[in-house]
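Predicted, not measured: the structure shown is a model, and the values here were computed from it.
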Amino acid sequence: MGPRMKKTCVLWLSLLPGLALAQGAPISVPTPAACTVEGMLDEVRVAMKAGSPAYQRYARLRLKEAAIAMPPEALGRAVSQERDPAVLEAVGAALATKASNAQKPELLQPLLSRAKQDVDPGLRAAAVRALKGAPSVEFMAKNGDVVTYEQLVRDSAPEVRQAVVENLVTESAGIYFGHNAELAETAVKAAAASGDPSVATRLLGEVSMEAASPEAVRQLTSQLRSEDPGMRAAAAKALGGVPGTESPGARRSLTALYRSDSDLAVRKSALEGLARLGQSSARPLLESLRGVDPRMDPEIDAWLGALKLNLQEWHLLLREKQRLRP
């Protein structure tokens, strides 16, 4: 055991008495020998089976922290051999932490293989979830795109598809803070490939398009012609968040969509996209759309009322509009 590993183990072991008191039940304090991959996996296994939520979080976090100093080969073997979904997710997250810290995307290959090829859908989903919070889109590309989210989102198991959504939404907000072109393009491609309206809606609605490339915007615009109204509505909302350089084309597309699409939900989303693109300058365009569908005029009035406040932040403007007309 190297000096860094010993330091990590001692740090975590020092936290255990306080954790035991917090749980209200005695915990057997692991010995330093537990700070091997095998020993720590035993602890994770016990925590997942009988521990409180706090203890489970502790065990997973302890493994991730210790993984930085662990041999990558041992972590990779554990990922390849584990049969318990909760434990696989924990050791997979530890391997992802190791790969990110060492800047070695190739370390993720055992985890990507489980995500794509395991016969058990629960294990496939666990392997996908293990990538949550890592720069997984970048790492997949650096592994030659042998496994991609566009492939994983086609999985027959709903839990795998939902894991893809959670990963991309978390990565967009938590790692890149909405500013990553590759992630935006991945979300658009995955939404188109999914065939699952709930997946597509969340991806396009929650992954930021602020840094979307012209190609991603073109792909997004093409979804306005989807046969599924839910997809058209999600794409319309997403177009409202594209970069300023792409806003003129997006504005024309959304205006045409509002005028031609008879679905009320799609028209409502088109109005939201137009309001977001222009904010205060959107008022003349929205006013020009009054009367296209009289049923939607109250929606337009609500947007005009919110826009009069000249709020600079989109989330504040959206909240005010929701107050006027949910």
Without swapping roles, check the side chain of [X] against the backbone of [Y] for a donor-acceptor pair under 3.5 Å.
{"X": "S172", "Y": "L168", "value": "no"}
{"X": "E210", "Y": "H179", "value": "no"}
{"X": "Q312", "Y": "N310", "value": "yes"}
{"X": "S100", "Y": "A96", "value": "no"}
{"X": "K132", "Y": "E166", "value": "no"}
{"X": "S281", "Y": "G278", "value": "yes"}
{"X": "R267", "Y": "Y258", "value": "yes"}
{"X": "D297", "Y": "G291", "value": "yes"}

Determine whether [X] and [Y] make a side-chain contact, defined as any pair of heavy atoms from C-beta on separated by less than 4.5 Å.
{"X": "L224", "Y": "L239", "answer": "yes"}
{"X": "W303", "Y": "I300", "answer": "no"}
{"X": "S136", "Y": "E171", "answer": "yes"}
{"X": "M70", "Y": "M40", "answer": "yes"}
{"X": "Y176", "Y": "V137", "answer": "no"}
{"X": "S288", "Y": "L285", "answer": "yes"}
{"X": "V199", "Y": "Q162", "answer": "yes"}
{"X": "V207", "Y": "V165", "answer": "no"}

Give every residue pair that meets the salt bridge (charged side-chain N to carboxylate O under 4.0 Å, His left out) criterion with at least one member in [range], sequence neighbours excluded.
{"range": "residues 315-326", "answer": "E299-K321, E299-R325, E320-R323"}
{"range": "residues 247-263", "answer": "R232-D261"}
{"range": "residues 77-97", "answer": "R45-E82, R83-D118, E89-R129"}
{"range": "residues 211-222", "answer": "E215-R218"}

> Between L63 and T97, is a side chain to side chain contact (heavy atoms under 4.5 Å, CB included) present by the stated rule, with each step listed?
Replying inline: CA-CA 10 Å; L63 177 57; T97 297; over 6 Å; no
Please round to the nearest 0.5 Å and tell me the distance separating atom [atom1] of [X] and atom [atom2] of [Y].
{"X": "L183", "Y": "N167", "atom1": "CG", "atom2": "CG", "value": "10.5 Å"}
{"X": "R114", "Y": "L108", "atom1": "CZ", "atom2": "CG", "value": "14.5 Å"}
{"X": "L271", "Y": "L254", "atom1": "CG", "atom2": "CG", "value": "9.5 Å"}
{"X": "Q151", "Y": "L112", "atom1": "CD", "atom2": "CG", "value": "10.0 Å"}

> salt bridge (Lys or Arg N to Asp or Glu O under 4.0 Å) with R276: which residues, sequence neighbours excluded?
Replying inline: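 Partners of R276 under the salt bridge (Lys or Arg N to Asp or Glu O under 4.0 Å) test: none.
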> For K237, does the NZ atom have more than 12 heavy-atom neighbours from other residues, nucleotides or ligands under 6.0 Å away?
Replying inline: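 For K237, atom NZ is not crowded (no more than 12 foreign heavy atoms under 6.0 Å).
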>> Hydrophobic clustering (ILVMFWY, side-chain heavy atoms < 4.5 Å, transitive) - are L309 and L316 grouped together?
In response: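 Linked, L316 and L309 end up in one cluster.
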Which atoms form the tightest heavy-atom contact between [X] and [Y], and what is the distance?
{"X": "V160", "Y": "L152", "value": "CG1-O, 3.8 Å"}
{"X": "A192", "Y": "Q223", "value": "CB-NE2, 3.5 Å"}
{"X": "A163", "Y": "V128", "value": "CB-CG1, 3.6 Å"}
{"X": "L41", "Y": "A78", "value": "CD1-CB, 3.6 Å"}
{"X": "L107", "Y": "P72", "value": "CD2-CB, 3.7 Å"}
{"X": "Y149", "Y": "A190", "value": "O-CB, 4.4 Å"}

> Which residue pairs pass the ring pair (Phe, Tyr, Trp, His ring centres under 6.0 Å) test when at least one of the two sits in residues 208-248, sequence neighbours left out?
Replying inline: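 Of all non-adjacent pairs touching residues 208-248, none passes ring pair (Phe, Tyr, Trp, His ring centres under 6.0 Å).
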> Pairs in or reaching into residues 265-298: which pass ring pair (Phe, Tyr, Trp, His ring centres under 6.0 Å), with residues at least two apart or in two chains?
Replying inline: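 Not a single pair qualifies under ring pair (Phe, Tyr, Trp, His ring centres under 6.0 Å).
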> Of all residues at least two apart in sequence or in a different chain, which pass the side-chain hydrogen bond (donor to acceptor under 3.5 Å, both in side chains) check with R290?
Replying inline: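 Checked R290 against side-chain hydrogen bond (donor to acceptor under 3.5 Å, both in side chains); matches are D301.
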Side chain to side chain contact (heavy atoms under 4.5 Å, CB included) against [X], all qualifying residues, sequence neighbours excluded:
{"X": "S80", "value": "P110"}
{"X": "E159", "value": "P121, A125, A157"}
{"X": "P158", "value": "R161"}
{"X": "Q109", "value": "E106, N143"}

> Please walk me through it: do K189 and T148 pass side chain to side chain contact (heavy atoms under 4.5 Å, CB included)?
Replying inline: CA-CA 10 Å; K189 288 181 176 179; T148 67; over 6 Å; no
